[in-house]
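Just so we're on the same page: letters track the sequence lines, and every chain starts at 1.
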Amino acid sequence: MENINVRVRFAPSPTGGLHLGGVRTALFNYLFAKKNNGKFIVRIEDTDQTRFVAGAEAYLLNCLEWCGIVPDESTIHSGNHGPYRQSERKELYQKYAQQLIDEGKAYLAFDTPEELSEMREKFKSAENPSPQYNAALRMQMRNSLSLSDADIKQLLADKTPYVVRIKMPENETVVFTDMIRGKLSFSTALCDDKVLLKADGMPTYHLAVVADDYLMEISHAFRGEEWLPSAPVHILLWKYLFGLDKMPQWAHLPLILKPDGNGKLSKRDGERLGFPVFAMNWTDPATQHTMDGFKERGFLPQAFVNMLAMLGWNDGTDREIFSMDELIEAFSIERIHKSGAKFDYEKAKWFNHQWILRLPTDAYLTEVDEIFNKKGMPVRDIEKLKHACQLVKDRCTSLHDFYDQAFFFFKTPTNIDTASIKEKWTEHKRIFFETFLDKLTTVEWSATAMEALFKTIAADQNIKVGELMLPLRIMLVGSKFGPGVFAIAELLGKEETTKRIQTTLQLLEVI
RNA sequence: GGCCCGUUCGUCUAUCGGCUAGGACAUCUCCCUUUCACGGAGGAAAGACGGGUUCGAUUCCCGUACGGGCUACCA
């Protein structure tokens, strides 16, 4: 079989981290590559020097690594197709641009940005709100097709800045097969003369994507649906430069939509609706504004990946829970959907809960420990934390919930909800708990033994057990939540349990 | 405006011409639980519309509507 080289391309920008759509594109690329024993290549471009941010490359790869999406080749991990940065490959693109010019497939355009917006203003109408630089208009602009040779020479001699534009054929039909959508056709008459090389000598995406994919022997390329309209330009460039037989197979992935209303999910939606949109947190270097990622919100990478995979793909059965290996095993590109999917944070949390239950506690103990540390409650006894996690995992949807659900194991509650019990508090109950405390010193320290003792004393003293359970819970936990009370007591230990009961008894005395 | 893509419960989706339209999230009811959850059982909830093709269309075709994407020297 031919070599399978699947690539995903990123262009980091300072305003945003790695969003859901980006991770999902990478994920599908990765699944496809692994499924077919191919290579997964991550390309991170410094497409625009002014926008490129130091640290962005490492950030992107960290995010992918957290997700378990590990590239075989990347800008940082390197491979044998370097150099990877666009700025270091400048001459290559210029060479291809020149080739196109020589063959009459592209031309030089000297129009200034002002002239371009002037043109757009001038030709703008109700029927045509966005006039294109195309066959109909290019002869009215200042370019190597409309100007005389002498003029062009003079402009070049004066070092007038220019761009290279593709000369779109007047009326040709470009046909190609998308792996997800099937056969698609576009008329070149509707595409404009896209800029291939910018005035600073750097390529636009259109030229770069074609040249890079060729040089790096890419066989398959997945990207977002938003690229579909410019696909004909890329197909044409492949035809002109390298031949369609060498062109990678395309797959245009559906978009991830905002949960409410319509449209592409944006980072603003996350802030507005209170959920993360990035894999890991990202600080905008300009504003120093940090946005949480799924990782920081207490998501497990397994759950995050699982959730993303199910947003636009399924295996045709009712199964929803997949590990990365299982995804690779089950993945098939034919089953990727064509339509966009609205992101549902509730469902994302459900996936996380499922993975919290499924994974052994050890898989996330370090993260939970860190969360306790950040809350200012360092856990000295990691084994105890582990037990606590096992006790409360049923009721945790995020890793942060472990703190809310288990903090009382590590710190005596300061707010005792005595209000809930004081109305029904009696002298009998006080006597009961004093007896219980007394006998506790002799009993074997286990939940079952304690429960038996508790019930025996209750029977002896003729008090309903139900009347005593809530008070005991309040004494140990501080309020009305948590796992079984005797299990809590067991983990708290004899000393702490006794102390908490005594403290609350005193509190009730005062009241 | 033009071009392209899409359209099954509120949401994510199953169905590759036979459907009493299945599952999951969310929601509601009940059970379990001497707390809060988990869990279990059940309920309500969908094929945008109009034409074809066919014995039979959610499924295939064509229109219409609606939604989205693109229409930059951004990707």
Side-chain angles (χ1 to χ4, degrees), chain A residues 9-13 45 47-48 51 109 111-113 116-117 120 124-134 161-165 178 180-181 184-187 189-192 194-206 208-209 223-232 252 254-255 257 259-264 307 310-321 334-335 337-351 353-354 357 392-397 401 405 417 420 464-470 472-474 477 479-485 488:
Chain A
R9 257 181 105 94
F10 290 115
S13 96
E45 305 297 344
T47 51
D48 188 329
R51 289 177 59 201
D111 317 279
T112 62
L116 284 173
S117 51
R120 292 194 180 104
K124 199 159 92 177
S125 66
E127 296 80 43
N128 185 10
S130 19
Q132 297 191 318
Y133 201 119
N134 60 13
Y162 65 88
V163 301
V164 176
R165 284 178 183 272
D178 182 275
I180 295 169
R181 282 152 218 281
L184 300 170
S185 68
F186 297 82
S187 167
L190 285 326
C191 297
D192 60 345
K194 289 258 180 282
V195 171
L196 302 179
L197 214 55
K198 301 185 240 181
D200 63 2
M202 287 286 277
T204 60
Y205 174 85
H206 307 294
V209 76
R223 74 222 298 200
E225 194 187 347
E226 68 269 27
W227 288 108
L228 219 37
S230 53
H252 289 90
L255 267 15
L257 277 14
D260 59 338
N262 301 307
K264 220 164 41 157
M307 176 273 291
M310 299 313 287
L311 214 55
W313 176 88
N314 70 77
D315 75 342
T317 72
D318 290 339
R319 183 172 179 194
E320 293 192 278
I321 304 297
E334 296 78 28
R335 296 206 60 91
H337 305 145
K338 294 182 180 72
S339 52
K342 287 186 182 178
F343 174 67
D344 182 355
Y345 191 48
E346 290 306 317
K347 185 94 187 212
K349 288 196 284 193
W350 176 79
F351 275 108
H353 182 230
Q354 293 301 313
L357 296 179
V392 303
K393 69 199 286 189
D394 279 355
R395 53 206 80 205
C396 293
T397 281
D401 293 341
Q405 292 293 332
D417 180 18
S420 299
K464 281 186 197 151
V465 180
E467 298 277 301
L468 302 163
M469 293 297 275
L470 187 61
L472 180 60
R473 173 171 296 279
I474 299 287
V477 180
S479 52
K480 292 188 262 188
F481 73 96
V485 258
I488 293 174

NA contact type, A:G484, heavy-atom cut-off 4.0 Å: base, sugar-phosphate, or nothing?
base
Can you tell me how far C1' in B:C32 sits from the matching atom in B:G40, rounded to whole Å?
8 Å
Output one line per pair: protein atom, nucleotide atom from nucleotides 28-34 of chain B, and distance, for all N/O pairs under 3.5 Å.
from	atom 1	to	atom 2	distance (Å)
B:U34	N3	A:G466	N	3.0
B:U34	O4	A:G466	N	3.2

What residues, two or more places apart in sequence or in another chain, satisfy salt bridge (charged side-chain N to carboxylate O under 4.0 Å, His left out) together with A:R319?
A:E326
At under 4.0 Å between heavy atoms, which parts of nucleotides 66-73 of chain B does protein reach? Answer with one letter per nucleotide, 5' to 3': B base, S sugar-phosphate only, - none.
-SSBSBSB
Taking the C1' atom of each, how far is B:U8 from B:A14, in whole Å?
10 Å
Do the side-chain N or O atoms of A:N314 get closer than 4.0 angstrom to the phosphate oxygens (OP1, OP2) of B:A14?
yes
So which protein nitrogen or oxygen atoms get under 3.5 Å of nucleotides 22-25 of chain B's nitrogens or oxygens?
from	atom 1	to	atom 2	distance (Å)
B:A24	O4'	A:E320	OE1	3.1
B:A24	O2'	A:E320	OE1	2.6
B:A24	O2'	A:K347	NZ	2.7
B:A24	N3	A:K347	NZ	3.2
B:C25	OP1	A:W350	NE1	3.3

Spacing of A:K342 atom NZ relative to B:G6 atom C1', expressed in whole Å
13 Å
Report which part of the nucleic acid A:G316 touches: base, sugar-phosphate, or nothing (heavy-atom distance under 4.0 Å, all strands).
sugar-phosphate
Taking atom C1' of B:A75 as reference, at what distance in whole Å does atom OH of A:Y205 sit?
8 Å
For A:L184 and B:C4, what is the distance between atoms CG and P respectively, to the nearest whole Å?
10 Å
Nearest-Å distance, NZ (A:K338) to P (B:C12)?
17 Å
Check salt bridge (charged side-chain N to carboxylate O under 4.0 Å, His left out) between A:E226 and all other residues, then give those that pass, not counting sequence neighbours.
none
Looking at A:H353, does any N or O in its side chain come under 4.0 Å of the phosphate oxygens OP1/OP2 on B:A37?
no
Give the nucleotide from the list B:G6, B:A75, B:C38 with an atom nearest to the side chain of A:S339.
B:G6
Only counting residues at least two apart or in another chain, list the ones meeting side chain to side chain donor-acceptor pair (under 3.5 Å) with A:D192.
A:K194
